[in-house]
Number of protein chains: 2
Amino acid sequence: MGKEPEDTIASRISRVLADRIVRGELAPGARLRQDHIAEEFETSHVPVREAFRRLEAQGLAISEPRRGVRVASFDLAEVREVAEMRAVLEVLALRHAARHLTPAILDAAEDAAREGDAAADVHAWEAANRRFHRLILAPCGMKRLLASIDDLHAASARFLFSAWQSGWEKRTDHDHRAILSALRQGKSDEAAAILQKHVQWIGRGPQPAKTGAARETFAIVG
Amino acid sequence: MGKEPEDTIASRISRVLADRIVRGELAPGARLRQDHIAEEFETSHVPVREAFRRLEAQGLAISEPRRGVRVASFDLAEVREVAEMRAVLEVLALRHAARHLTPAILDAAEDAAREGDAAADVHAWEAANRRFHRLILAPCGMKRLLASIDDLHAASARFLFSAWQSGWEKRTDHDHRAILSALRQGKSDEAAAILQKHVQWIGRGPQPAKTGAARETFAIVG
DNA sequence: GGAATAAAAATTATCTATAATTTGAGAAGG
DNA sequence: CCTTCTCAAATTATAGATAATTTTTATTCC
């Protein structure tokens, strides 16, 4: 019954730490001390070090030999870099996924879009948004590509969360609807074009400065 | 004098193992036993395990909890996946690098192209080819993008080496020349278009079956 | 008072040891 | 002869211990 895959301790630690970094609970530049983390997870530091290697590969942490590991910092340039990578990779994935999209999948994506519009806070919105993208891209069946996109989503989400500590506001995402509409009509090129612009906007437009400007930036985070 | 950064043991092990996997010295599916590797490198298995995590993230090895790590296998579908990812990411990089390309860089790339044409074996060719691509892409200054491309190059090289165990033959790579020519004339869109096709061809065309067909496939591996 | 320096504390990287799981060889049964 | 079981050997995963390096704190000298 209750199959408990409960994989290695290292992977659990890396998941938890990745989540904290993405959510901003661990600030950029913060030191990750292996003994402290080991103590928190009630293990030795060996699995912790393995988790660090994973975070490093994901671009969420930076390790300097003998000097420890810290949370990776990121600037606007990197946010744009990630956005552009996502744009080309998601378009590639969508092109391959298109032929495998069923009405059922598109309905599920529609649900995710609705859920995003109704989200009460930025975390709920991000989860729904991620689900939307994953649903329409996963049918491409390209594991490596999907894994890369997941990592880039995490990086995007970091930026998103850092900009909206507070002040969320419901709103309809027209891009998501337009993508679905195009896909339902079999116009996959059009869907890909919208997706590309949709994603590429991240990090452009008004700087996420004071809370006042926050609302404007919303539209450009997908 | 001889500054010896000689970073952590784990990173050295991961570099060596990655090289062996790419060159095909370690066959797909082969088990990587931590104690044996530790013994070979005269260390304990702890750094070895850290190296494994790195290889896993690069897609060169696959780890199953409690069952060990094996060299990742790859099929034609994955080769194409990697080729398509490279195509879109390298084009993205080139678009950003274009404005920063100097005549000196293009000359160095020309050298690399010549070196590739004169290569006596497949390893020499691959090294020159990689150098060519890196030279024209690095000026984009996007670290994450370049790191992803490097990983994809490793995956491509694996395929290349598996196809050409022997039977190398000198030959001029016209695509490389055409890309440089376009770049020298400031036609970066044209250069990007050629690059895209150049890379995308990998894994297409005649199957790398018997040694006889090998020659044909050459033209389409870049 | 502040830079320079030396001793102490904390932290990383690695090694050795132990527990737990898997693989594989051989024996028993159909 | 092939399957299934049992037990030993090999292997993985984690813990605990040690050496080496970095960071911090305290102290001296100008």
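By convention in this document, chain letters (A, B, ...) are assigned in the order of the sequence lines, proteins followed by strands, and residues within each chain are numbered from 1.
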Do any pairs count as a salt bridge (charged side-chain N to carboxylate O under 4.0 Å, His left out) and have a residue in residues 63-73 of chain A, sequence neighbours left out, and if so which ones?
none

Can you tell me which residue pairs pass the salt bridge (charged side-chain N to carboxylate O under 4.0 Å, His left out) test with a partner in residues 54-63 of chain B, sequence neighbours excluded?
B:R53-B:E56

Under the salt bridge (charged side-chain N to carboxylate O under 4.0 Å, His left out) definition, can you give me all pairs with a residue in residues 93-111 of chain A, not counting sequence neighbours?
A:R95-A:D189, A:D107-A:R184, A:E110-A:R177, A:E110-A:R184, A:D111-A:R114

If the helix axis at each end comes from five base pairs, how far does the helix from C:dG1-D:dC30 to C:dG30-D:dC1 deviate from straight, to 10°?
10°

Suppose we screen for salt bridge (Lys or Arg N to Asp or Glu O under 4.0 Å). Which residues come up paired with A:E40, at least two apart in sequence or across chains?
A:R20

Strand-adjacent residues in residues 33-45 of chain A, judged by heavy atoms under 4.0 Å from DNA chain D:
A:E42, A:T43, A:S44, A:H45

Show your working on salt bridge (charged side-chain N to carboxylate O under 4.0 Å, His left out) between A:E115 and A:R131 and close with a plain yes or no.
CA-CA 10 Å; A:E115 199 176 300; A:R131 196 152 66 83; 2.5 Å; yes

Numerically ordered, the residues 49-70 of chain B set in heavy-atom contact under 4.0 Å with DNA chain C is B:R66, B:R67

I need the B:M142 CE to B:L92 CG distance, nearest 0.5 Å.
5.0 Å

Polar contact flag, side-chain donor to acceptor under 3.5 angstrom, A:H45-A:E50
no

Just verifying a value: how many Å separate A:Q34 CD and A:T43 OG1, rounded to the nearest 0.5 Å?
10.5 Å

Contacts of B:P28 meeting side chain to side chain contact (heavy atoms under 4.5 Å, CB included) (sequence neighbours excluded), chain-then-number -> B:S73, B:F74, B:R158

Nearest-Å distance for atom pair CD1/C1', residues B:I13 and C:dT14:
11 Å

Of all residues at least two apart in sequence or in a different chain, which pass the salt bridge (Lys or Arg N to Asp or Glu O under 4.0 Å) check with A:R144?
B:E78

If the condition is side chain to side chain contact (heavy atoms under 4.5 Å, CB included), which residues does A:D150 pass it with, not counting sequence neighbours?
A:R134

Nearest heavy atom decides the nucleotide; on that basis, is B:L32 or A:R31 closer to the 5' end of DNA chain D?
B:L32

Distance under 4.0 Å to a non-hydrogen atom of chain A counts as contact; along DNA chain D, which nucleotides mark the start and end?
D:dT14 to D:dT23

According to salt bridge (charged side-chain N to carboxylate O under 4.0 Å, His left out), does anything in residues 24-34 of chain A pair up with another residue at least two apart or in another chain? List the pairs.
A:R23-A:E25

Determine the interplanar angle of the A:W168 and A:W125 rings, folded into 0 to 90°, and report it as parallel if under 30°, tilted if 30 to 60°, perpendicular if over 60°.
tilted

